[in-house]
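Below: the structure, in structure tokens.
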Amino acid sequence: MGIASRFFCTVAFGCVFYCGAATEIFVDCTRPDDSGDGLTRETAKRTIQAAVDATSNGTSASRNLITVLPGDYEEGGVKVDADNVLSRVSFKGKKYITLQAADPTAKPRIIGRHDPDKSNGIGPNAIRCVYGNGSTENGIVL
């Protein structure tokens with residue numbers, strides 16, 4: 001499987017300090033499944049988690065990009081901690097990944113869920129939207 005890359009350099013005062021290639025993966029909740037490679041809008045992953053799983057760690061100077069097309073992302077769940085709380089998207093073990101809306105005027109939404117069995121909504125049947133650090137969300141509604 002090939003990797004789509006954005007190649008860029010950091011330039012200041014006419015000098016190149018760092019050059020690097022970053023992976024870009026596309027996500028579209030209208031796709032039938034996650035079988036696409038995610039390298040184009042036409043072969044996008046269906047779930048954001050599949051896109052996270054398909055990318056490796058970036059660097060502070062070369063963040064990997066997950067471009068999310070408009071829609072409601074409310075399927076799936078990954079257990080990420082000892083309490084077995086599910087998350088729609090987990091960045092656990094991943095660093096320097098940016099989630100970015102493909103269209104800033106039609107923001108995609110990651111939809112969690114309250115535990116219906118608990119009056120405060122917090123319990124084992126709840127699903128958080130995003131878990132982890134080292135990621136950035138631009139134009140995504142949680």
Side-chain angles (χ1 to χ4, degrees), residues 1-116 118 120-142:
M1 170 170 51
I3 299 290
S5 295
R6 297 175 292 122
F7 187 77
F8 60 90
C9 298
T10 302
V11 179
F13 306 111
C15 299
V16 175
F17 290 101
Y18 177 84
C19 289
T23 303
E24 181 173 16
I25 303 288
F26 292 88
V27 183
D28 182 350
C29 64
T30 66
R31 299 282 303 159
D33 55 41
D34 284 321
S35 64
D37 60 17
L39 301 180
T40 68
R41 289 174 184 242
E42 293 75 25
T43 62
K45 298 287 187 187
R46 177 181 173 86
T47 64
I48 297 170
Q49 187 62 51
V52 170
D53 293 344
T55 190
S56 59
N57 289 332
T59 66
S60 60
S62 179
R63 298 181 70 90
N64 287 325
L65 179 64
I66 297 175
T67 300
V68 184
L69 280 77
D72 290 342
Y73 293 83
E74 55 184 323
E75 69 178 85
V78 179
K79 291 183 181 180
V80 294
D81 55 27
D83 295 330
N84 290 323
V85 175
L86 294 175
S87 295
R88 294 281 183 226
V89 180
S90 171
F91 289 101
K92 188 173 184 177
K94 300 282 188 164
K95 295 182 179 178
Y96 303 112
I97 297 174
T98 297
L99 284 181
Q100 173 179 288
D103 178 356
T105 63
K107 296 179 179 183
R109 300 184 315 158
I110 301 173
I111 300 174
R113 183 182 72 203
H114 287 95
D115 186 334
K118 302 289 183 176
N120 65 0
I122 301 170
N125 295 315
I127 301 176
R128 68 170 67 99
C129 296
V130 176
Y131 176 88
N133 57 9
S135 68
T136 304
E137 296 83 29
N138 295 327
I140 310 289
V141 177
L142 304 178

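All values derive from a computational prediction rather than experimental measurement.
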[atom1]-[atom2] distance between [X] and [Y], expressed to the nearest 0.5 angstrom:
X	Y	atom1	atom2	value
Tyr96	Thr136	OH	OG1	10.0 Å
Gln100	Ile140	CD	CD1	8.0 Å
Thr47	Asp28	OG1	CG	11.5 Å

Minimum heavy-atom separation for [X] to [Y], with atom names?
X	Y	result
Ser135	Phe91	OG-CD1, 3.3 Å
Cys29	Pro70	SG-O, 4.0 Å
Asn120	His114	O-CD2, 4.4 Å
Arg63	Ile97	NH2-O, 3.2 Å
Gly121	Ala126	O-CB, 3.7 Å
Ala22	Ser62	CB-OG, 3.5 Å

Inset, instruction - Give a yes or no on whether Arg109 atom CZ has more than 12 heavy-atom contacts from other residues, nucleotides or ligands under 6.0 Å away. - result: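 No, the 6.0 Å shell around CZ holds no more than 12 heavy atoms from other groups.
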Any donor-acceptor N/O pair, [X] side chain to [Y] backbone, under 3.5 Å:
X	Y	answer
Lys94	Thr55	yes
Thr43	Thr40	yes
Arg88	Ile111	yes
Asn125	Asp115	no
Asn64	Ser56	yes
Asp72	Glu74	no
Arg46	Arg31	yes

Legend entry - Residues forming a side-chain contact (heavy atoms from CB on, under 4.5 Å) with Ser90, sequence neighbours excluded: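 Partners of Ser90 by the side-chain contact (heavy atoms from CB on, under 4.5 Å) criterion, ordered by chain and then number, come out as Gln49, Val78, Val80, Lys92, Tyr131.
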Inset, instruction - Apply salt bridge (Lys or Arg N to Asp or Glu O under 4.0 Å) to Arg113 and list each qualifying residue two or more places apart in sequence or on a separate chain. - result: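 If we apply the salt bridge (Lys or Arg N to Asp or Glu O under 4.0 Å) test to Arg113, skipping adjacent residues, there are no hits.
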Does the side chain of [X] reach to within under 4.5 Å of the side chain of [Y], using non-hydrogen atoms?
X	Y	value
Tyr73	Val89	no
Ile25	Leu39	yes
Leu99	Ile110	yes

Legend entry - Test log, rule side chain to side chain donor-acceptor pair (under 3.5 Å), inputs Thr67 and Glu24: CA-CA 7 Å; Thr67 300; Glu24 181 173 16; 2.7 Å; yes
Legend entry - Charged N-O contact under 4.0 Å between Asp34 and Lys45: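 No, this pair does not count.
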